[in-house]
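In what follows, a single structure is set out as C-alpha cells and then discussed.
All chains are named by letter (A, B, ...) in the order of the sequence lines, taking the proteins before the strands, and each is independently numbered beginning at 1. Just so it is clear, the model here is predicted, and its values are computed rather than measured.
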Amino acid sequence: MKAFTYQRATSPADAAAAVAAIPGARFIAGGTNLLDLMKLRIETPGHLVDINHVGLDRIEPTSAGGLRIGALVRNTDLAADTRVRRDYAVLSRALLAGASAQLRNKATTAGNLLQRTRCHYFYDTTKPCNKRVPGSGCAALGGINRNLAVLGTSDQCIATHPSDMAVAMRALDASIETVAPDGTARAIPIADFHLLPGKTPEIETALQPGELITGVVLPAPLGGRHVYRKVRDRASYAFAVVSVAAVLAPGRTRLAFGGLAPRPWRVEAGESEAGRGGAAVAEVVLAGAKPSEQNRFKLPLVQRLLTSVLADS
Amino acid sequence: MPMTRREAIAVGGAAVATATAAGATPQQEPVLVEVTLRVNGRARPLRIDPRVTLLDALREHLHLTGTKKGCDHGQCGACTVTVEGRRINACLSLAVMHDGDSVVTIEGLGHPGKLHPMQAAFVAHDGFQCGYCTPGQICSAIAMLDEIKAGIPSHVTADLMQVGFSDDEVRERMSGNICRCAAYPNIVAAIRDVHGDAGSERS
C-alpha cells in the first residue's frame, strides 16, 4: 500500500469537509473494497477519513411510510432488519446473495453502492484500463469478456457494476441522500446515481468531490411478491453473471437487472409487458444490447430468467 | 537451546515488521499511530504504521500466528477473527480502525488440554487435513452459530422470518471459508455436533 495518513471523523459534515480539504483523501467505512484495491495500488489515497464513528448507523421509518437506511448500516444488519425482511424482502434477498458473511458484517450500505467493478482488467495493473488509467485503452474489449456488460457500455469501457444490493434498490426506487463539504444536503434518485461510462469511465457516480452519502431512503412498501434471482458460476460467494430483482404485485411489476450493465439496469417500459411473458419483457429490456464475443449468452439467459421468475408469480 | 517453530515464527515476524517499516516508503517516513486492541481479553497497545492490517497487527506485531494469511484479499476466510463479537476478514481491515475494539482469535478460544467445543469437534470429526484454514473455519463457525441464534437469515433461508439450523444453512453460511483440502463434509459434521450439544443444553 502507498503510505497514507489517517483520521477519525466525528460527524458527517466534519468528514465531508476533511475529505474536501485534503487532496487525494478518501472516506473509509467497511474498507472491504477500498483496502483490497489499495493493496493492489489501484486506489492510492494519501489520506483516509474513517467515518465509522459518525453515527448514520440506524434504520428509521420516514414520514412517507418508508425507511431511511443510514449510510453505515452493515449489509448483515440491513438484510436482517425485521422491517426489511417483511416489507422489502427483495432487498434482504439481494444482500444475502452477495459476498460472504464476514464481508457482509463489515460492508456498509453506502460502500456497497460505491464499490468498484470486478472487471479482470481493472484489477490487472499490467493491462490497459480506461477506468483505472484514463486514456490507456480497454483490454476487455478484445479480451476475456464473458462476465462483462452488454448494455450501457461504450467503446471505452464494458465493465459491470457488481452490486446485488443496488439492483434491489433500483427496483424499489430508492433515493440516495448526501451531504456536501459546505453542509448542503441533497437527494439523488438511484436511477441517476450511477453514471454510464461514455468517454469518462473513471467517473462512476453523480457524487461531487467530498460529497458523503448519509443514507438511502426507501419509499413506502409496494407489497407483492419479492424475488431476487441470481445466476452465478457457483452456488455461493460469487458475483452475478445475470441477476434480476423482481417485485410482483397484481398489475404492477418492477424488474431491475444486475450483471448486464455499468449500473443496475431497469427499463420501466418492459415492466408493462410482464403479462405477456419473459420473451416480451426481455425484448424491451435488451433493446440496443451490444454483447461482446464471449457474453452473447447473457441475452437468452435474461429471457429464461424472466420466464422462470414470471412463471412462479 | 532449540527453538520451537512458533518461537522461530515470532522472531521472524519481528524481523519482517522491522523490514517493512524501514523499506516501505523510501520517500517519507510513515507517521506511526497509537492503537490499543483488546485481544483475547487483554489490552495490547501498539505503535504502528496506519497501513498495518488487523491481520498483520495480530501476526507480525503481537505474534499471534494462529490467525492465518491466505489470500490477503478477503476471498479465502483464513484470517477470520471476531471483532466486537462479529466475524470479519482481518486482512481487509486496518488495525487503526479498531482502536479500543475487542478481538478474539483462535488463541483466545482454547488451548491443548482445554479446547473450545468447536475445536474439539473439528478434531473429533477430522474437520481438516493440512490445517491452514482451520483457525479461520473455527472462529467463523462459532460466530456463524451465534448469527443463526440471533435470527440472521441467509441466502438459503426459505422463509426470511424463520431462521433455523440445517446442513444447507451451514454450507451457505460457511462459504466465505475456503478449504483447499476440501474437508467440507467433516467441517459440517463438526459444526452440526456443536450445534446439537448446545441445543440440548438449552432445552
Side-chain angles (χ1 to χ4, degrees), chain A residues 1-8 28-40 46-48 50-53 74-77 79-82 84-86 88-107 123 164 226 228 230 232 234-238, chain B residues 24-31 33 35 49-54 71-77 79-94 96-99 136 139-140 143-144 147 150-157 159-161 163 168 171-178:
Chain A
M1 269 187 248
K2 194 188 128 193
F4 56 84
T5 47
Y6 167 90
Q7 79 178 88
R8 263 192 191 192
I28 187 163
T32 53
N33 188 210
L34 182 59
L35 289 171
D36 183 24
L37 294 169
M38 284 168 65
K39 288 180 181 192
L40 297 166
H47 184 72
L48 288 182
D50 181 349
I51 55 170
N52 284 294
H53 303 271
R74 309 289 151 169
N75 288 177
T76 297
D77 299 317
D81 184 272
T82 310
V84 175
R85 277 193 265 174
R86 188 188 58 216
Y88 306 95
V90 67
L91 179 55
S92 274
R93 290 288 181 198
L95 284 158
L96 295 170
S100 66
Q102 287 97 316
L103 292 167
R104 291 192 298 269
N105 278 343
K106 209 81 183 40
Y123 267 76
D164 294 297
H226 289 218
Y228 189 76
K230 179 174 179 178
R232 45 184 161 176
R234 60 183 181 208
S236 183
Y237 199 14
Chain B
T25 51
Q27 72 277 29
Q28 66 180 93
E29 207 54 38
V31 181
V33 290
V35 179
D49 186 314
R51 285 175 289 185
V52 173
T53 60
L54 178 59
C71 68
D72 207 25
H73 287 278
Q75 297 172 3
C76 76
C79 67
T80 303
V81 298
T82 57
V83 174
E84 298 292 310
R86 311 184 78 164
R87 54 176 166 160
I88 67 165
N89 302 110
C91 73
L92 282 188
S93 210
L94 297 171
V96 68
M97 295 166 72
H98 293 289
D99 190 28
C139 288
S140 194
M144 186 272 294
E147 288 165 9
I152 295 169
S154 86
H155 175 62
V156 300
T157 308
D159 177 348
L160 286 175
M161 307 309 263
V163 177
D168 276 352
R171 289 187 195 100
E172 162 60 24
R173 290 167 186 270
M174 293 295 289
S175 72
N177 291 86
I178 312 294

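Between the CG atom in B:Asn177 and the OH atom in A:Tyr237 there is a gap of 8.5 Å [rounded to 0.5 Å]. Here the straight-line distance linking atom NE2 of B:His155 with atom OH of A:Tyr228 works out to 10.0 Å at 0.5 Å rounding. Here OG1 of A:Thr32 is found 13.5 Å from NE2 of B:His73. Values are rounded to the nearest 0.5 Å. Distance CZ/B:Arg173 to CD/A:Gln102: 12.0 Å, rounded to 0.5 Å. For the atom pair CG (A:Asn105) and CD (B:Glu84), the distance works out to 12.5 Å, reported to the nearest 0.5 Å. Atom CG of B:Asp49 is separated from atom CZ of A:Phe4 by 7.0 Å, given to the nearest 0.5 angstrom.
Considering only heavy-atom pairs separated by less than 4.5 Å from chain B, the leading option among A:Arg234, A:Arg104, A:Lys39 is A:Lys39. Note on A:Met38, A:Arg93, A:Arg86, A:Lys106: by heavy-atom pairs under 4.5 Å with chain B, the leading option is A:Arg93. Among the candidates B:Ala143, B:Gly74, B:Pro153, the residue making the largest number of heavy-atom pairs closer than 4.5 Å to chain A is B:Pro153.
For A:Ala29, the part lying under 4.5 angstrom from a heavy atom of chain B is the backbone only. Only the side chain of B:Thr80 has a heavy atom closer than 4.5 Å to any heavy atom of chain A. Proximity to chain A (any heavy atom under 4.5 Å) is restricted, for B:Val163, to the side chain, taken from C-beta onward. No part of A:Leu95 comes within reach of chain B, as not one of its non-hydrogen atoms sits under 4.5 angstrom from that chain. For B:Val96, the parts lying near chain A are the backbone and the side chain together; criterion is any non-hydrogen pair under 4.5 Å. With a 4.5 angstrom heavy-atom cutoff, B:Thr82 does not touch chain A via any of its atoms. Contacts between A:Ala79 and chain B at a heavy-atom distance below 4.5 Å involve the backbone alone (N, CA, C, O).
A:Ala101 approaches B:Arg87 most closely through the heavy-atom pair CB-NH2, 3.0 Å. Contact record, B:Arg51 with A:Met1: NH1-O, 3.0 Å, taken as the closest heavy-atom pair. Nearest heavy atoms, B:Leu160 versus A:Ser92: CD1-CB, 3.8 Å.
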request  = Under the side-chain contact (heavy atoms from CB on, under 4.5 Å) rule, what do B:Ile152 and A:Thr76 come out as? Steps first, then yes or no, please.
outcome  = CA-CA 8 Å; B:Ile152 295 169; A:Thr76 297; 3.8 Å; yes

ask   = Run the side-chain contact (heavy atoms from CB on, under 4.5 Å) check on B:Arg86 and A:Asp77 step by step: do they pass?
value = CA-CA 11 Å; B:Arg86 311 184 78 164; A:Asp77 299 317; 3.0 Å; yes

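Checking B:Gln75 against A:Asp36 by side-chain atom types alone, no donor-acceptor pair falls below 3.5 Å.
Between B:Glu172 and A:Leu96, the closest side-chain pair of non-hydrogen atoms is not below 4.5 Å. With contacts defined as side-chain heavy-atom distances shorter than 4.5 Å, the pair B:Leu94/A:Leu48 qualifies.
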